[in-house]
Peer 1: 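Here's a structure for you.
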There are 2 protein chains.
Amino acid sequence: MIGTPMRFARNTEIYGEEEAAEHLYQVTSGAVRTYKILEDGRRQIGAFYLPGDIFGFEAGDTHISSAEAICESQVLMVRRSALMIRAIHEKDLARQLWDATALELRRFQNHVMLLISSAEQRVIGFLRDMARRATKNAAIELPMSRQDIADYLGLTIETISRTFTQLEQKGVISLLTSRRVELRDHVLFHGFVRNLD
Amino acid sequence: MIGTPMRFARNTEIYGEEEAAEHLYQVTSGAVRTYKILEDGRRQIGAFYLPGDIFGFEAGDTHISSAEAICESQVLMVRRSALMIRAIHEKDLARQLWDATALELRRFQNHVMLLISSAEQRVIGFLRDMARRATKNAAIELPMSRQDIADYLGLTIETISRTFTQLEQKGVISLLTSRRVELRDHVLFHGFVRNLD
DNA sequence: TTTCCCCTAAGTAGAAGCCAGTAGGTATTT
DNA sequence: AAATACCTACTGGCTTCTACTTAGGGGAAA
């Protein structure tokens with residue numbers, strides 16, 4: 001994917017909800033969150049995007065979420081219209097666009113699954129997802145704050161914090177620092193954690 | 001949309017998870033639910049489809065959910081491959097396919113929003129959604145059972161039942177029968193219900 | 001260095017889950 | 001036709017889990 005490289009500082013907006021979706025983005029470094037503000041003031045984070053991920057691709061004409069850089073980030077920006085026109089002739093490109101959409105749908109579905117479980121399962125599910133997507137090191141780097149995780153999982157920051165501590169006590173994770181987590185193997189290999197007690 | 005008409009009896013499978021997504025469907029009568037069974041046995045309903053709605057369109061090669069008829073239903077079935085080939089030349093068709101995908105993404109996003117609210121807000125949100133999509137009668141017809149609603153909203157059947165009763169007592173809805181609900185106007189016109197106490 | 005978030009800890013209160021039990025309607029059986 | 005089973009929906013009591021609140025410590029940014 002070629003495009004214009006752009007830099008965004010921590011907590012700066014990349015695009016806003018309801019704006020015309022003229023561009024498509026790919027993260028090259030850093031991390032991005034998409035979110036919506038609800039009528040009652042709460043914030044729901046829709047997804048996190050890490051290096052390599054494509055975002056801003058809503059299939060419609062306007063963005064359904066806002067996007068912000070979580071930390072200092074670099075992204076490639078491409079004109080959506082240009083891409084769509086090219087996709088008519090280049091079958092590979094068209095294919096890639098559909099794949100990106102399929103991935104996005106799967107992520108949403110996965111997110112729904114997370115939200116109906118207990119706090120512990122949500123956190124484990126989130127960490128497993130991050131582990132799968134991150135560079136295959138033993139430790140997971142979390143670019144986002146506890147508040148971001150809370151707003152993604154539909155929990156409070158305190159519950160996130162408590163659950164991290166409990167998971168460490170149970171030996172499921174190691175908290176190297178607050179932003180570096182190590183997942184123990186049995187959690188990675190088993191699809192699901194049934195009884196941790 | 002043209003296609004092969006097919007009938008499905010109540011609670012019969014239309015397609016299964018992980019099956020090749022060879023077809024695309026449009027409901028002509030009845031109602032359809034898509035769902036996934038979680039590792040711990042719970043069922044998460046992803047969406048309900050009513051007459052006119054298109055489903056089975058996952059953007060990928062395999063279905064990410066199973067689909068069942070909620071009640072005796074008729075659907076039109078179209079070969080996905082044929083449609084995609086036609087879409088290359090017919091721009092309108094391509095447009096329609098993207099629109100359907102965009103709608104699907106929006107529905108998922110909406111679903112995520114519902115799942116982070118209180119039980120009362122989830123039920124109200126569900127009913128508002130059904131009211132918007134249904135034929136514009138005063139009363140909403142609910143083809144699905146309380147268990148279906150519970151599995152869609154991530155609640156228990158008891159909570160659904162209790163919340164329906166509470167909403168009726170507060171004057172937000174009228175339960176004409178258990179499957180016919182009338183939404184009071186102020187809920188329809190206001191975007192959100194803040195204080196019902 | 002210093003400030004300011006960010007994170008963790010602990011206790012209380014409330015919301016939703018779980019476990020019965022009841023009632024009404026429909027289908028099946030005798 | 002009566003009796004029975006079955007399915008669906010509603011209600012009450014108790015338990016559990018997570019939100020809310022307050023407080024304090026620690027680390028990153030300026």
Side-chain angles (χ1 to χ4, degrees), chain A residues 9-12 31 33 38 40-44 69-72 114-126 141-170 173-181 195-197, chain B residues 9-11 33 38 40-44 70-72 114-127 141-170 173-181 195-197:
Chain A
R10 198 174 107 106
N11 293 330
T12 53
R33 61 177 169 247
L38 282 83
D40 58 3
R42 284 177 306 157
R43 179 184 68 155
Q44 174 61 38
I70 292 174
C71 49
E72 177 83 15
L114 276 188
L115 293 180
I116 61 163
S117 328
S118 66
E120 186 176 273
Q121 287 304 325
R122 292 190 216 189
V123 171
I124 292 177
F126 166 74
E141 294 285 341
L142 298 177
M144 70 291 287
S145 69
R146 296 289 190 268
Q147 187 63 62
D148 283 339
I149 301 174
D151 289 348
Y152 176 71
L153 295 178
L155 297 168
T156 58
I157 177 175
E158 293 91 339
T159 301
I160 301 292
S161 196
R162 232 188 315 236
T163 308
F164 267 86
T165 307
Q166 286 164 9
L167 287 176
E168 174 156 54
Q169 282 165 0
K170 288 180 180 177
I173 62 172
S174 291
L175 282 166
L176 309 177
T177 75
S178 65
R179 301 284 183 108
R180 279 176 62 87
V181 184
N195 270 315
L196 294 171
D197 307 303
Chain B
R10 198 174 108 105
N11 293 331
R33 60 177 170 249
L38 282 83
D40 58 1
R42 283 177 307 157
R43 179 184 66 156
Q44 174 62 36
I70 291 173
C71 50
E72 176 83 16
L114 275 188
L115 292 180
I116 60 162
S117 328
S118 66
E120 185 176 276
Q121 287 303 325
R122 293 190 214 190
V123 171
I124 292 177
F126 165 73
L127 288 175
E141 295 284 342
L142 298 177
M144 70 290 287
S145 70
R146 294 290 189 268
Q147 187 61 62
D148 285 338
I149 300 174
D151 289 349
Y152 176 71
L153 295 178
L155 297 169
T156 57
I157 180 172
E158 295 95 330
T159 302
I160 301 294
S161 196
R162 249 186 287 262
T163 307
F164 267 86
T165 307
Q166 286 164 9
L167 287 175
E168 174 156 53
Q169 281 165 0
K170 288 180 179 175
I173 61 172
S174 290
L175 281 166
L176 310 177
T177 74
S178 66
R179 300 285 184 107
R180 281 175 62 86
V181 183
N195 270 315
L196 295 170
D197 307 303

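Naming convention: chains lettered A, B, ... in sequence-line order (proteins, then strands); numbering from 1 in each chain.
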Peer 1: Using a distance-only criterion (donor-acceptor N/O pair, under 3.5 Å, no hydrogens), is the base of C:dG11 paired with the side chain of A:Arg162?
Peer 2: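 Flag set: donor-acceptor pair detected.
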Peer 1: With a non-hydrogen cut-off below 4.0 angstrom, is A:Thr165 in contact with a base, only sugar-phosphate, or nothing?
Peer 2: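 The answer is sugar-phosphate, as A:Thr165 gets under 4.0 Å only of primed atoms, P, OP1 or OP2.
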Peer 1: Closer than 3.5 angstrom, by distance alone: can the side chain of A:Arg179 be matched with the main-chain N or O of A:Glu141 as a donor-acceptor pair?
Peer 2: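 Not confirmed, A:Arg179 side chain does not pair with A:Glu141 backbone.
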Peer 1: Could you state the atom-to-atom distance from CD of B:Gln121 to P of C:dA15 in whole Å?
Peer 2: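 Whole-Å distance recorded here is 13 Å.
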Peer 1: Without decimals, in angstroms, what is the distance between B:Ile116 CD1 and D:dT18 P?
Peer 2: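 Rounded to the whole Å, the gap is 16 Å.
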Peer 1: Which is more 5' along DNA chain D, the nucleotide nearest B:Ser145 or the one nearest A:Gly154? Just name the residue.
Peer 2: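 Per heavy-atom nearest nucleotide, the more 5' residue is B:Ser145.
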Peer 1: Report yes if at least one side-chain N or O of B:Thr156 is closer than 4.0 Å to OP1 or OP2 of C:dG17; otherwise report no.
Peer 2: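 Yes, B:Thr156 has a side-chain N/O under 4.0 Å of OP1/OP2 on C:dG17.
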Peer 1: For the base of C:dC7, is there a side-chain donor-acceptor partner from A:Glu158 under 3.5 Å away?
Peer 2: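 Counting by modelled atom types and ignoring angles, no donor-acceptor contact under 3.5 Å is found here.
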Peer 1: Is a side-chain N or O of B:Ser174 found less than 3.5 angstrom from the main chain of B:Leu176, in a donor-acceptor match?
Peer 2: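 Checked: no pair found.
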Peer 1: Just the rounded figure in Å: distance from P of D:dA23 to CD1 of A:Ile157.
Peer 2: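 Those two atoms, CD1 and P, are 17 Å apart.
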Peer 1: What's the separation between atom CG in B:Asp151 and atom CD1 in B:Ile160, rounded to the nearest 0.5 Å?
Peer 2: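 Going from CG on B:Asp151 over to CD1 on B:Ile160, the span is 9.0 Å.
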Peer 1: Within the 4.0 Å heavy-atom criterion, would you say A:Leu155 contacts the bases, only the backbone, or no part of the nucleic acid?
Peer 2: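 Sugar-phosphate contact only - A:Leu155 comes under 4.0 Å of backbone atoms but never of a base.
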Peer 1: Could you check how far CE of A:Met144 sits from P of C:dC7, rounded to whole Å?
Peer 2: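 To the nearest whole Å, that distance equals 11 Å.
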Peer 1: Could you tell me the separation between the CD atom of A:Glu72 and the P atom of D:dA29, rounded to a whole number of Å?
Peer 2: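 Distance check: A:Glu72 CD to D:dA29 P gives 11 Å.
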Peer 1: Surrounding CZ of A:Arg10 (heavy atoms of other residues, nucleotides or ligands, distance under 6.0 Å), is the total greater than 12?
Peer 2: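 No, because the 6.0 Å sphere around CZ of A:Arg10 holds 12 heavy atoms or fewer from other groups.
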Peer 1: Please report, rounded to the nearest Å, how far the P atom of D:dC17 is from the CG atom of A:Leu153.
Peer 2: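 From A:Leu153 CG to D:dC17 P: 18 Å.
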Peer 1: Under 4.0 Å: is that the gap between some side-chain N or O of B:Arg146 and OP1 or OP2 of D:dT11?
Peer 2: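 Result: no.
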Peer 1: Could you tell me the separation between the CZ atom of A:Arg10 and the C1' atom of C:dC6, rounded to a whole number of Å?
Peer 2: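 Going from CZ in A:Arg10 over to C1' in C:dC6 covers 10 Å.
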Peer 1: Of the listed nucleotides (C:dC7, D:dC10, C:dT8), which one gets closest to any side-chain atom of A:Leu175?
Peer 2: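 Nucleotide nearest to A:Leu175's side chain: C:dT8.
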Peer 1: Give a yes or no on whether a donor-acceptor pair under 3.5 Å exists between the nucleobase atoms of D:dG27, that is its base, and the side chain of A:Arg179.
Peer 2: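 Under the 3.5 Å cut-off, the side chain and the base do not form any donor-acceptor pair.
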Peer 1: What's the closest nucleotide to the side chain of A:Thr159 if the choices are D:dA19, C:dT8, D:dG13?
Peer 2: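 The nucleotide sitting nearest to the side chain is D:dA19.
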Peer 1: Looking only at atom types and distance, does a side-chain atom of A:Arg146 sit under 3.5 Å from a main-chain N or O of A:Ser178, one as donor and one as acceptor?
Peer 2: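 Answer holds: yes.
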Peer 1: Rounded to whole angstroms, how far apart are CG on B:Leu176 and P on D:dA9?
Peer 2: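 Distance, rounded to whole Å: 15 Å.
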